[in-house]
Amino acid sequence: MKETLIMKNKGDQKASRNVISQKWTLLLCISSFCAGLLFTNRMWPVSDSKLITRPTSLESEGLKLVSEGCDLRKLHMKNVKRDPKQIFGEVSKTHQAIQTLDKTISSLEMELAAARSIQESIVNGSPISGEDTTTSSEKRKYLMVVGINTAFSSRKRRDSVRATWMPQGEKRKKLEDEKGIIMRFVIGHSATVGGILDRAIEAEDRKHGDFLRLDHVEGYLELSAKTKTYFATAVNMWDAEFYIKVDDDVHVNIATLGHTLVRHRKKKRVYIGCMKSGPVLAQKGVRYHEPEYWKFGENGNKYFRHATGQLYAISKDLATYISLNQHVLHKYANEDVSLGSWFIGLDVEHIDDRRLCCGTPPDCEWKAQAGNICVASFDWTCSGICRSVDRIKEVHRRCGEGENAVWSAKF
């Protein structure tokens with residue numbers, strides 16, 4: 001009986017604890033709920049005022065445009081009301097802006113190429129041509145470099161040029177120092193380096209000091225490669241505004257050439273000469289045969305416009321371009337065609353100046369008497385002055401600008 005009472009008391013105590021535990025749980029839940037309501041009512045207005053803001057005027061305008069855009073009828077009416085001239089004007093302005101951007105990018109690429117060329121000259125050293133040279137950072141500025149294309153067999157032609165329009169000795173040095181004009185005969189080396197032909201040129205150079213020797217094997221079929229090497233060598237040796245190539249059987253008035261070039265000195269990427277577009281000759285065995293004639297279309301087609309090979313000039317930007325890309329520039333059979341092809345696709349200004357291709361007397365003489373002195377004179381039938389060794393003195397006497405012209409000239 002006693003044990004029964006004890007067990008009953010323990011059960012009552014346990015039940016009492018369970019009842020109290022449930023009461024406290026219910027009380028805590030009610031208290032938490034009330035606290036939650038109180039906290040939410042206090043914090044919500046603050047959150048609302050900070051996070052939910054009024055749209056700005058710009059956003060309101062955007063929303064308005066979006067709402068209008070959703071209305072197809074309003075959008076259609078808006079487009080109909082636009083003036084076609086206004087639309088065309090906007091398209092034209094966009095096109096002009098794109099062209100300007102293209103030219104700017106092209107100009108920057110050329111300037112970058114020139115900077116790279118200067119850096120390569122500093123790192124690798126300037127080419128050597130029997131005279132002291134300095135690094136590009138120490139180079140002086142010149143107006144033009146005149147490269148006279150010549151061959152091993154043309155000693156008499158070179159002497160005839162020296163006796164007429166090319167100053168010699170101290171006068172040539174003075175021309176460089178005072179007028180910024182460099183003049184050199186341009187020649188490579190023979191297939192047998194150090195042979196009798198090379199030794200003859202070396203002896204001639206020791207006497208006159210007017211050669212630019214190229215790392216190039218001479219040969220008539222290699223004129224395109226020689227032209228490329230000449231421009232690459234000259235632009236790395238002398239910092240000039242223009243680089244000229246002329247044949248050794250052409251008469252040149254140096255002062256007139258200088259005056260012609262300075263008119264274009266503010267332009268970038270200029271290509272100056274007597275522009276022509278001759279036929280592409282597919283027949284083998286004829287002079288100026290083009291082995292790659294098929295690249296120019298059907299038989300009877302003509303070449304693209306390019307300067308005739310007797311004399312042409314290019315600006316420094318283009319000479320630098322040739323120097324940096326010489327290993328990938330394609331060579332056609334004719335060097336003047338090759339040069340013209342290298343500038344296709346570039347933003348280059350072609351300048352056609354007929355004074356660079358006058359005929360020999362009486363043509364150049366009549367023009368000189370009329371006050372329109374020619375830059376260069378030669379015979380088209382011979383692609384140079386016919387029998388130039390015998391006749392160039394006569395051409396110089398009748399068509400020359402006078403010995404004092406270059407010394408009194410201001411470029």
Side-chain angles (χ1 to χ4, degrees), residues 118 121 125-150 154-188 198-215 229-262 265 311 313-316 319 373 375-376 392-393 396 400-411:
I118 293 174
S121 297
S126 300
I128 299 175
S129 180
E131 58 186 45
D132 294 333
T133 58
T134 59
T135 60
S136 295
S137 59
E138 299 173 349
K139 290 179 183 178
R140 62 155 289 182
K141 298 283 187 179
Y142 293 94
L143 171 63
M144 60 181 172
V145 175
V146 181
I148 307 169
N149 184 46
T150 191
S154 300
R155 172 63 187 266
K156 291 184 178 180
R157 284 187 180 182
R158 292 193 292 272
D159 286 339
S160 68
V161 170
R162 293 182 181 116
T164 52
W165 59 271
M166 181 180 183
Q168 291 297 295
E170 291 299 321
K171 289 185 177 180
R172 183 170 58 83
K173 186 67 170 61
K174 182 181 178 182
L175 190 66
E176 296 177 5
D177 295 338
E178 296 184 5
K179 303 300 179 181
I181 299 175
I182 303 290
M183 301 178 68
R184 295 289 189 277
F185 288 106
V186 180
I187 196 168
D198 290 317
R199 293 199 300 271
I201 293 296
E202 291 169 2
E204 189 177 347
D205 193 25
R206 285 193 295 271
K207 179 179 180 181
H208 298 283
D210 54 5
F211 278 92
L212 171 61
R213 301 298 302 274
L214 303 178
D215 183 15
T229 304
Y230 158 63
F231 283 121
T233 303
V235 76
N236 282 283
M237 181 175 290
W238 296 291
D239 184 7
E241 296 180 65
F242 299 96
Y243 297 84
I244 296 92
K245 177 263 175 182
V246 59
D247 291 336
D248 60 5
D249 56 353
V250 173
H251 179 268
V252 179
N253 285 316
I254 293 298
T256 307
L257 174 60
H259 288 306
T260 300
L261 296 179
V262 295
R265 70 192 328 167
L311 185 149
I314 61 175
S315 59
K316 180 182 177 180
I373 299 176
V375 173
I392 195 169
K393 288 185 178 179
H396 184 66
E401 60 194 356
E403 184 178 356
N404 295 326
V406 70
W407 306 115
S408 60
K410 294 182 180 180
F411 302 118

Listed partners of Lys141 passing salt bridge (Lys or Arg N to Asp or Glu O under 4.0 Å), at least two apart:
Asp239
Identified side chain to side chain contact (heavy atoms under 4.5 Å, CB included) counterpart of Val252 within the set Ile148, Asp247, Val246
Val246
For His251 and Trp165, take the angle between the two ring planes, folded into 0 to 90°, and tell me which bin it lands in: parallel under 30, tilted 30 to 60, perpendicular over 60.
perpendicular
In chain order, what residues pass the salt bridge (Lys or Arg N to Asp or Glu O under 4.0 Å) check against Arg158, with sequence neighbours excluded?
Glu204
Check: Ile244 main-chain N/O paired with Tyr230 side-chain donor or acceptor under 3.5 Å
yes
side-chain hydrogen bond (donor to acceptor under 3.5 Å, both in side chains) filter on Lys156, not counting sequence neighbours, yields none
One should read off an interatomic distance between Phe411 CZ and Tyr142 OH, to the nearest 0.5 angstrom, of 15.0 Å
Which residues pass the side-chain hydrogen bond (donor to acceptor under 3.5 Å, both in side chains) test with Asp198, not counting sequence neighbours?
Ser190, Arg213
Show me, pair by pair, the donor-acceptor contacts under 3.5 angstrom made by side chains of residues 254-262, not counting sequence neighbours?
from	atom 1	to	atom 2	distance (Å)
Thr256	OG1	Glu401	OE1	2.7
Thr260	OG1	Thr256	O	2.8
Thr260	OG1	Arg355	NH2	2.9

By salt bridge (Lys or Arg N to Asp or Glu O under 4.0 Å), which residues pair with Glu202, not counting sequence neighbours?
none
Looking at every heavy atom in both Asp248 and Ser154, which two are closest together, and how far apart are they?
OD2-CB, 3.3 Å
Can you measure from OG1 (Thr233) to OH (Tyr243) and round to the nearest 0.5 angstrom?
11.5 Å
With Lys207 via side-chain hydrogen bond (donor to acceptor under 3.5 Å, both in side chains) - residues at least two apart
none
Who passes salt bridge (Lys or Arg N to Asp or Glu O under 4.0 Å) against Asp215, sequence neighbours left out?
none
Residues which pass side-chain hydrogen bond (donor to acceptor under 3.5 Å, both in side chains) with Lys174, listed by chain and number, not counting sequence neighbours:
none
